[in-house]
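Let me begin by presenting the structure, written as structure tokens, before commenting on it.
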2 protein chains.
Amino acid sequence: MPTEPVAGLQLSPRARQIVGAARELLEKEGEDALTMRRIADRIGVKAPSLYKHFPDKTAVEVELMAILLEEMAAALEAAEAAAPGSLEALFEAYRGYAVAHPGLYRLGTQKPLPRESLPAGLEERAAAPLFRELGLDEHTGRAAWAFAHGMVVLELAGRFPDGADLDEAWRVGAAAFTR
Amino acid sequence: MPTEPVAGLQLSPRARQIVGAARELLEKEGEDALTMRRIADRIGVKAPSLYKHFPDKTAVEVELMAILLEEMAAALEAAEAAAPGSLEALFEAYRGYAVAHPGLYRLGTQKPLPRESLPAGLEERAAAPLFRELGLDEHTGRAAWAFAHGMVVLELAGRFPDGADLDEAWRVGAAAFTR
DNA sequence: GGTTCTGGTTAACGGTGTTAGCCAGGAACT
DNA sequence: AGTTCCTGGCTAACACCGTTAACCAGAACC
């Protein structure tokens with residue numbers, strides 16, 4: 001694996017520590033726990049000190065979004081390597097990662113992407129498997145992505161009936177967009 | 001002690017006024033403007049007085065969710081009546097309503113539905129056109145719903161590239177789930 | 001040795017949802 | 001009529017939020 005610009009690599013150690021604390025808080029205690037004071041507590045510092053490392057809370061969240069995109073891209077690339085050309089496998093990886101990291105997924109997904117603050121090409125890399133490897137045209141790719149995102153977000157929000165067979169819905173979706 | 005609120009029908013006039021103010025705030029100024037103090041201001045009252053009519057902010061939001069479900073159901077039913085059997089027409093109505101009421105749509109969509117506080121059958125009514133009229137099986141119905149929701153939510157979050165041909169993506173989706 | 005930069009601190013501001021406690025007015029019962 | 005009780009306002013306050021201002025200890029640099 002060549003040297004990729006890993007998210008947060010150019011951050012100072014302290015800044016990385018802040019992002020790490022933010023991620024732990026988000027993943028272990030949920031979105032409401034992601035506050036500047038809680039982050040500061042976790043690294044043994046007072047909240048205003050965080051502003052010596054990030055201009056505002058949004059900047060911390062942007063780092064979390066970058067982590068999400070990067071890890072999602074890695075998960076999709078792995079799935080593709082394991083089962084080339086299978087939309088179903090790609091969907092499974094997508095769902096698997098999102099459900100394993102619900103806080104991160106929702107944080108990185110529900111507001112506009114600050115594209116300029118993100119490592120160049122990261123967004124494309126996350127989306128690439130759908131297009132490059134599967135050969136979906138641009139509209140089908142978008143539709144398939146919307147389907148996957150919709151499935152995940154409805155599942156995370158608890159909107160499907162209890163006991164609904166989501167595996168089957170995913171399979172139907174994969175079939176619908178294949179060929 | 002009345003049973004459960006039926007989309008505001010059994011709310012007191014004051015409570016309906018509160019919900020109305022909440023809706024206006026949400027739709028005209030966005031989700032950040034939906035605060036108890038702003039609602040109270042709008043009807044010429046102080047914030048704590050709202051708690052004489054609703055137990056908490058969530059209860060007000062639940063009424064807004066009920067409104068969303070009801071109006072969405074009406075929009076879908078109208079589309080179904082105008083173009084029976086057309087998934088594309090249904091999708092168009094779905095997208096049209098959501099994009100016309102983005103604040104309401106997101107509010108009613110991104111957290112778990114408090115099903116017990118909602119009028120009985122409302123959720124089913126909103127989902128019915130997909131199943132009853134189109135004859136989609138349960139899994140295909142769910143997949144189509146996820147697609148529509150994903151398309152809307154990504155559009156509202158500004159996640160599609162500028163100038164992307166979303167009409168075409170919707171068309172592809174409609175075709176994919178039709179038979 | 002003096003200066004400057006770095007990264008901490010405390011105090012505070014205006015905002016949030018929410019609770020406690022008080023009180024005026026009307027309804028209802030005796 | 002007198003008393004009580006309920007309704008729906010009010011002010012004050014609490015704990016929390018993101019954020020800013022002002023200050024200061026220590027290390028680094030000339």
Side-chain angles (χ1 to χ4, degrees), chain A residues 8-65 103-104 106-108 110-112 114 117, chain B residues 1-3 5 8-65 103-104 106-108 110-112 114 117:
Chain A
L9 196 66
Q10 75 287 15
L11 295 176
S12 73
R14 196 49 144 176
R16 274 202 298 279
Q17 194 185 7
I18 291 171
V19 173
R23 179 182 188 163
E24 279 191 30
L25 236 20
L26 177 61
E27 301 212 304
K28 292 185 183 159
E29 305 193 38
E31 19 225 57
D32 290 350
L34 190 64
T35 77
M36 296 303 263
R37 282 171 175 88
R38 295 290 312 275
I39 295 172
D41 275 1
R42 211 161 222 283
I43 64 175
V45 123
K46 307 297 180 183
S49 301
L50 301 181
Y51 292 83
K52 297 295 163 101
H53 304 277
F54 291 95
D56 51 31
K57 189 186 179 184
T58 301
V60 179
E61 293 175 338
V62 166
E63 291 302 319
L64 294 177
M65 293 189 206
L104 210 48
R106 296 178 54 160
L107 175 77
Q110 293 184 348
K111 53 188 78 177
S117 313
Chain B
M1 194 72 60
T3 51
L9 264 185
Q10 12 199 305
L11 295 178
S12 73
R14 195 50 145 175
R16 274 201 298 277
Q17 194 186 8
I18 291 171
V19 174
R23 178 179 190 165
E24 279 191 29
L25 236 19
L26 177 61
E27 301 212 302
K28 291 186 183 159
E29 304 193 38
E31 19 225 60
D32 290 351
L34 191 64
T35 77
M36 295 303 264
R37 283 171 176 86
R38 295 291 311 276
I39 295 173
D41 275 1
R42 209 160 223 283
I43 64 176
V45 121
K46 304 298 178 182
S49 300
L50 301 181
Y51 291 83
K52 296 294 163 96
H53 304 277
F54 290 96
D56 50 32
K57 189 185 178 184
T58 300
V60 178
E61 293 175 338
V62 166
E63 292 302 320
L64 294 177
M65 292 189 207
L104 209 48
R106 297 179 54 160
L107 175 77
Q110 294 185 349
K111 51 189 77 176
S117 312

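Per chain, numbering begins at 1; letters A, B, ... match sequence-line order. Being a predicted model, the structure only gives us computed values, none of them experimental.
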**OP:** Kindly write out the residues that satisfy salt bridge (charged side-chain N to carboxylate O under 4.0 Å, His left out) with B:R38, not counting sequence neighbours, or none if the list is empty.
**Re:** B:E29
Original post:
With sequence neighbours excluded, what pairs up with B:R106 under the salt bridge (charged side-chain N to carboxylate O under 4.0 Å, His left out) test?
Top reply: B:E31
Original post:
Under a criterion of less than 4.0 angstrom to any heavy atom of chain A, what are the 5'-terminal and 3'-terminal contacting nucleotides of DNA chain C?
Top reply: C:dG7 to C:dA12
Original post:
For B:L107, what residues pass the side chain to side chain contact (heavy atoms under 4.5 Å, CB included) criterion, not counting sequence neighbours?
Top reply: B:L26, B:E61, B:L64
**OP:** Pull out every residue in residues 20-35 of chain B that has a heavy atom closer than 4.0 Å to any atom of DNA chain C, ordered by number, or say none.
**Re:** B:L34, B:T35
Original post:
When rounded to the nearest 0.5 angstrom, what is the spacing between CG in B:L11 and CZ in B:F54?
Top reply: 5.0 Å
Subject >> Atom pair CD1 (A:I43) and CZ (A:R14), whose distance is rounded to the nearest 0.5 Å >> reply: 4.5 Å
Original post:
When the distance from OH of A:Y51 to C1' of D:dT20 is rounded to whole Å, what number comes out?
Top reply: 9 Å
Original post:
How many Å lie between CZ on A:R38 and P on D:dC17, as a whole number?
Top reply: 8 Å
Please name the pair of heavy atoms, one in [X] and one in [Y], separated by the smallest distance, quoted to 0.1 Å.
X	Y	answer
B:M65	B:P114	SD-CD, 3.8 Å
B:M36	B:L50	O-CD1, 3.2 Å
A:L25	A:A33	CG-O, 3.5 Å
A:A22	A:L34	O-CD1, 3.4 Å

With the criterion being N/O to N/O and under 3.5 Å, what pairs connect the protein with nucleotides 6-10 of chain D, and how long is each?
residue : atom : partner : partner atom : Å
D:dG8   : N7   : B:K52   : NZ           : 3.2
D:dG9   : OP1  : B:R14   : NE           : 2.9
D:dG9   : OP1  : B:R14   : NH2          : 3.3
D:dG9   : OP2  : B:H53   : NE2          : 3.0
D:dG9   : N7   : B:K52   : NZ           : 3.2
D:dG9   : O6   : B:K52   : NZ           : 2.6
D:dC10  : OP2  : B:K46   : N            : 2.7
D:dC10  : OP2  : B:S49   : OG           : 2.9

Subject >> Contact list for residues 39-59 of chain B, test side chain to side chain donor-acceptor pair (under 3.5 Å), sequence neighbours left out >> reply: B:E24-B:R42
